[in-house]
There are 2 protein chains.
Amino acid sequence: MTAAPQAGNELVDALEGSGYRLTEPRRAVAEMIAGRQGHFTAADLIDEARGRHPGLGRATVFRALELFASLNLVERVDLPAGEHAYVACERTHHHHAICTGCGRAFDVDDQGLVDVLAAIGRRSGFRVTTHRLEIFGLCASCQAAGVQPMPGSRPA
Amino acid sequence: MTAAPQAGNELVDALEGSGYRLTEPRRAVAEMIAGRQGHFTAADLIDEARGRHPGLGRATVFRALELFASLNLVERVDLPAGEHAYVACERTHHHHAICTGCGRAFDVDDQGLVDVLAAIGRRSGFRVTTHRLEIFGLCASCQAAGVQPMPGSRPA
DNA sequence: ATTTTTGCAAATCATTTGCATATAT
DNA sequence: ATATATGCAAATGATTTGCAAAAAT
């Protein structure tokens, strides 16, 4: 497991070759995402934009997030409370361990999970086409800092 | 993997011993849930109630779902499109394979997954407190019936 | 020049809340 | 009798949409 990368230039770079236009508003959203440590909601970015990028429209933020998600530059996650959030991620990794202390997302190597899913299919005849795994807990440094785990968590 | 049970009496029974009151509106919601095959949204139940249980209030449906979820009689799932839905489930199982053809939920034995999560913790020092796994695909009978998988699914 | 993207305001959709009334224990 | 739960309508919050103007190719 490695810390998820800072996005930003990467987002901009990826946009270049994508056939979508590299616009100023999209740059602004990419920059805000790059500046974030952990997960964030659309509302977070909209709030930030109010100060740092006035004139950036609400709808534009949603549209940029949707675009980035479709390019797998950002992934949508559902926090335990049901809130929709996003994390920046490498294009090839698709699972995250999210720290409930600091909100940071860590990429998870999912080889073991792939095997588990394959076994499910083998045993039952269910043909798995997609899955979503979200892991919540405390990263090593939040544990060291004595941050408490979320209340109400069932043990994994 | 076994097909998730029909809830209903089970919901009512569980309510009995829970310290919460067994009311007519809660019965109505339990009955509607029992009559469902697959996943459903709050809006689905509210629509159904319009015909079958007039006078049942919108807020009451949300409150009943929240209560059932807190008792682990129903689980909230996030469909691939981000929609919030629910499935009836046994109190001890906590993962589902959801068929994108018929919407039914199947309980998944998660022993292998538990091992995978434990391995993640061991390797990285991340302390896992909660996780969410949602598996989407086609059940055996939908495959047999020739139902096509969802477009846009990344292979698991 | 042409197509894509934007900002805005309004529309839509999902969910929650306040509160007086009704109901289960 | 008393605490809990309900229905309603209004409030809130999140996300989407229509469309004319602006920006990128």
Side-chain angles (χ1 to χ4, degrees), chain A residues 11-33 39-71 73-86, chain B residues 11-33 39-71 73-86:
Chain A
L11 290 194
V12 172
D13 293 348
L15 217 43
E16 298 263 40
S18 67
Y20 294 98
R21 293 183 181 177
L22 180 43
T23 64
E24 201 41 44
R26 284 176 180 164
R27 248 179 221 287
V29 174
E31 184 193 302
M32 290 191 293
I33 292 173
H39 52 68
F40 53 88
T41 62
D44 290 335
L45 298 187
I46 291 165
D47 281 353
E48 183 179 342
R50 199 186 310 289
R52 201 179 312 272
H53 301 281
L56 213 190
R58 190 184 18 248
T60 301
V61 172
F62 278 99
R63 290 186 281 227
L65 283 170
E66 184 185 34
L67 175 63
F68 293 159
S70 77
L71 296 173
L73 300 170
V74 129
E75 186 160 24
R76 193 168 177 167
V77 297
D78 295 292
L79 303 184
E83 208 179 353
H84 289 310
Y86 297 82
Chain B
L11 290 194
V12 171
D13 294 347
L15 216 44
E16 298 264 39
S18 66
Y20 294 97
R21 294 184 181 175
L22 182 41
T23 65
E24 201 41 45
R26 284 174 180 166
R27 250 180 219 288
V29 174
E31 186 192 302
M32 290 191 291
I33 292 174
H39 52 68
F40 53 87
T41 62
D44 290 335
L45 298 186
I46 291 166
D47 281 354
E48 183 178 342
R50 199 186 311 287
R52 201 179 314 272
H53 302 281
L56 215 190
R58 189 186 16 249
T60 301
V61 172
F62 278 99
R63 288 186 282 228
L65 284 170
E66 183 184 33
L67 175 63
F68 293 159
S70 77
L71 297 172
L73 301 169
V74 128
E75 185 160 24
R76 192 168 177 170
V77 297
D78 295 293
L79 302 185
E83 210 178 354
H84 289 311
Y86 298 83

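Keep in mind it's a predicted model, so treat the numbers as computed, not measured. Convention: sequence-line order gives letters A, B, ...; per-chain numbering from 1.
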Original post:
Between C/dA14 atom P and B/R58 atom CZ, what is the distance in whole Å?
Top reply: 11 Å
Original post:
Which whole-number value in Å describes the distance from B/D78 CG to D/dT15 P?
Top reply: 12 Å
Original post:
With a 3.5 Å cut-off and just heavy-atom distances, do the side chain of A/R63 and the base of C/dT5 make a donor-acceptor pair?
Top reply: no
Subject >> Gap between atoms CZ and C1', on B/R76 and C/dT15 respectively (whole Å) >> reply: 9 Å
**OP:** Counting heavy atoms from C-beta on, name the nucleotide in D/dT15, D/dT6, C/dT6 closest to the side chain of B/R26.
**Re:** D/dT6
Original post:
How far apart are the closest heavy atoms of A/F68 and A/R26, and which atoms are they?
Top reply: CZ-O, 3.9 Å
Original post:
From B/R27 CZ over to B/L15 CG, what is the distance, rounded to the nearest 0.5 angstrom?
Top reply: 9.0 Å
**OP:** Measure the OG1-CG distance between B/T41 and B/D44 for me, rounded to the nearest 0.5 Å.
**Re:** 3.0 Å
Original post:
Given the rule in the side chain to side chain contact (heavy atoms under 4.5 Å, CB included) test, do A/I33 and A/Y86 qualify, once you have shown the distances and angles that lead to the verdict?
Top reply: CA-CA 9 Å; A/I33 292 173; A/Y86 297 82; over 6 Å; no
Subject >> Position toward the 5' end of DNA chain C (nearest nucleotide), A/E24 or B/E24 >> reply: A/E24
Original post:
Whole Å only: how far is the CG atom of A/L22 from the P atom of D/dA24?
Top reply: 9 Å
**OP:** Using whole Å, report how far CG of B/L65 lies from P of D/dA5.
**Re:** 15 Å
Original post:
What is the distance, rounded to the nearest whole Å, between atom CZ of B/F62 and atom P of C/dC13?
Top reply: 14 Å
**OP:** For B/H84 and A/H84, run side chain to side chain contact (heavy atoms under 4.5 Å, CB included): C-alpha distance rounded to whole Å, both residues' side-chain angles, the deciding distance at 0.1 Å, then the answer.
**Re:** CA-CA 10 Å; B/H84 289 311; A/H84 289 310; 3.9 Å; yes
Subject >> Position toward the 5' end of DNA chain C (nearest nucleotide), B/E66 or B/Y20 >> reply: B/E66
**OP:** Return the value, rounded to whole Å, for the distance between atom CG of A/L67 and atom C1' of D/dT16.
**Re:** 16 Å
**OP:** Report yes if a side-chain nitrogen or oxygen of B/T60 is closer than 4.0 Å to either non-bridging phosphate oxygen (OP1 or OP2) of D/dG7; otherwise report no.
**Re:** yes
**OP:** Starting at atom OH of A/Y86, determine the distance to atom P of D/dT15, rounded to an integer number of angstrom.
**Re:** 6 Å
**OP:** Output the residues of residues 46-56 of chain B in contact with DNA chain D, where contact means a heavy atom of the residue under 4.0 Å from an atom of the strand; sort by number or write none.
**Re:** B/G55, B/L56
**OP:** Search all heavy atoms of A/A42 against all heavy atoms of A/V61 and return the closest pair with its distance.
**Re:** O-CG1, 4.2 Å
Original post:
Hey, what do you get for CG (A/L65) to OG1 (A/T60), rounding to the nearest 0.5 Å?
Top reply: 11.0 Å
**OP:** Examine C/dT6: is either OP1 or OP2 under 4.0 Å from a nitrogen or oxygen in the side chain of A/T23? Give yes or no.
**Re:** yes
Original post:
With respect to the side chain of B/R21, which nucleotide from C/dG7, D/dA14, C/dT25 is positioned closest?
Top reply: C/dT25
